[in-house]
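Whatever order the structure lists ligands and atoms in, that order sets their numbers, starting from 1. These numbers come from the heavy atoms of this one structure, side chains and all, not from hydrogens, waters or symmetry mates.
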Amino acid sequence: MKSKKLAEFYEEASSTTKRLEKIKILSKFLKELSENDRDVMYLLLGDIYPEYSEKRIGISNQLAIKAISKATGIGSKQVTKEWKLIGDLGKVAEKLTKKKKQATLHTAQTLTTKKVLENLRKLPELEGKGTVGKKLSLITELLSSATPIEALYLIRTLIGDLRIGIKESTVRESMALAFFPGLDKDGKKKAAKKIQDAIDRTNDLAAVFDIVRKKKLESLDKLPLQVGKPIKAMLAQKVNTIADGFKVVGKPCAIEYKYDGFRLLIHKKDKEVILFTRRLENVTNQFPEVVEYVQKYVSGKSFILDSEAVGFDKKTKEYKPFQSVSQRIRRKYHIEKLQKELPIEVNVFDIIYYEGKPQLDEPFEKRTALIKKIIKNHPYKIVHSKGIITDSEKQAKKFYKKALADNQEGIMLKNLKAEYQPGSRVGHMLKIKPEERDLDLVITGAEYGTGKRSGWLSSFILSCRDGNKGEYLEIGKVGTGIKEKTEEGTSFEELTKELTPYIIEEKGKSVKIKPKLVVSVTYQEIQKSPNYNSGFALRFPRLTVLRPDKSIKEIATPEEIKKDFENQKRNWRYG
Ligand code: ATP
């Protein structure tokens, strides 16, 4: 496919903010794709490979500026000046390419999406000496042949900021509309669910598209779960009381500790153990001890386990909160030292695959029995998660208290007969934890500090995510909870280092930041406020911990915030 055609689609999709319109536009575009264009599916979401792949483009703004400069013959300083003025490097590339084309009457080669992907896919492979120069040539080659509109979207793709408002769910709905137009509303819903299930199982849009475009909905079921490729974890819904929980999951149900740790999905394929976080990141190298526990204490040649890793004090053996071990997920060096300082215990609570057979459709109680059969409990190494099966509220409350006394977050209630649905926030797995006021949000802006904080970003704009529109809405600023020194916890210096590569615009002391870094924030109250475009503001927000294990798709939504706002009012009235 000509890359210009894709760019024109991007343009059309950005011309509306209405979800249904976008779906119509995308479904028309999908119908025009040929078998050879399957990999364009990745480009639609700004990617070059399936979601399960760890290979990302990862080009900095600075390199993009250099490439624009080289391709257009306009100095880097001038490009940077334009960027500060326009605030969007893509638009800068479009403007300067237009200028150049007018000047040279250039007749460049026609770009194809195949060529674009070919060059972009070489970028993450480059390592070592001369990398920057090689990357620059690959990008410049594309830019030199690009028309202005192609340059716009090429640059946005390179810096990971496509801004066309297309998400996985838009692609799913568009596929259903494009290839099953005859279905009634119910039928379309079912088709969309089947497509989503296949996406969640494979994390490969093109593989799903291959089948959907042949209109073979039933064949989607045959797309296999693959050991060694990350799978999206099943997520829980929230209830406030045990009585409500019983009503939803039925009696009796399983009640387990809700561990205050981080999710680890453990794959074993032949002899190899691979560990993934809930955002599909491979963290095997960070946790060599877990690999060892799995090799030693879990029987079976191939399986996928779902678990929560929890930190504990190496002397007292008491469980510690997530924030005390969160750095283990990100740190890539001095692993041995960290392993000794911050030991973790793996608590296995589900099994998704075993010895060649997916376990997704087996009832929860059967899956749990299998876990008990194949894992030998080794406390402070790897164990089955603690749980009971009960229909008694009294027993459930007692267990809840015990979980809290054991420094855990609360309890999970699980329907005994339910299946495992990757990627879904299901009603058959519920979480209950003490009322606390905290939200997971993303940093989308900041201000440089003054005085002893000069040179550091010091006040951070927090945003929630409107999943339907793919937009980020501001809800407040936070500067509290962040430490002056890195040894004391999350520091200004650390945050500045983390966020600098994602700065997309600078004006005076203020910067706009690409939504990437998820943080947990506590607050005293949610207030209505015209100052932020979410319509709400947090009173006394305090940053408690970075959430490297969470993706931006999982942060709080405006609906959840509104609900919390209303609950808080209700609690004041009755509490
Ligand atoms: P929260 O912010 O309340 O911790 P969350 O957003 O991290 O929740 P949810 O899916 O809403 O994630 O809650 C379930 C999470 O709880 C799981 O992702 C998992 O990491 C963790 N967890 C701890 N113990 C268990 C357990 N026994 N069974 C399932 N999940 C558990």
Ligand 1: protein N/O within less than 3.5 Å of ligand N/O:
residue  : atom   : partner : partner atom : Å
ligand 1 : 3 (O)  : Lys431  : NZ           : 3.1
ligand 1 : 3 (O)  : Lys433  : NZ           : 2.5
ligand 1 : 4 (O)  : Lys258  : NZ           : 3.0
ligand 1 : 4 (O)  : Glu409  : OE1          : 3.4
ligand 1 : 6 (O)  : Lys550  : NZ           : 2.7
ligand 1 : 7 (O)  : Arg278  : NH1          : 3.0
ligand 1 : 8 (O)  : Lys431  : NZ           : 3.1
ligand 1 : 10 (O) : Ala236  : N            : 3.2
ligand 1 : 11 (O) : Arg425  : NH1          : 2.8
ligand 1 : 11 (O) : Lys431  : NZ           : 2.4
ligand 1 : 12 (O) : Arg278  : NH1          : 3.4
ligand 1 : 16 (O) : Lys258  : NZ           : 3.0
ligand 1 : 18 (O) : Arg263  : NH1          : 2.8
ligand 1 : 18 (O) : Arg278  : NH1          : 3.3
ligand 1 : 20 (O) : Glu308  : OE1          : 2.4
ligand 1 : 24 (N) : Tyr257  : O            : 3.4
ligand 1 : 24 (N) : Tyr259  : N            : 3.0
ligand 1 : 27 (N) : Glu256  : OE1          : 2.9
ligand 1 : 27 (N) : Tyr257  : O            : 2.9
ligand 1 : 28 (N) : Lys414  : NZ           : 2.8

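Residues Val426 and Glu419 have side chains not in contact (no heavy-atom distance under 4.5 Å, counting atoms from C-beta outward). The side-chain heavy atoms of Ile389 and Glu365, taken from C-beta on, include no pair separated by under 4.5 Å.
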Test ring pair (Phe, Tyr, Trp, His ring centres under 6.0 Å) on Phe262 and Phe287 and set out the steps. CA-CA 13 Å; Phe262 56 93; Phe287 300 99; 5.4 Å; yes

For Phe364 and Tyr420, what are the C-alpha separation, side-chain angles and deciding distance, and is it a ring pair (Phe, Tyr, Trp, His ring centres under 6.0 Å)? CA-CA 8 Å; Phe364 173 76; Tyr420 190 104; 9.7 Å; no

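Remark: Arg437 fails to qualify as a cation-pi partner of Phe540 under the 6.0 Å distance and 45° angle criteria applied to the six-membered ring.
One finds the CD1 atom of Ile255 at 4.5 Å from the CG atom of Leu413 (value rounded to the nearest 0.5 Å).
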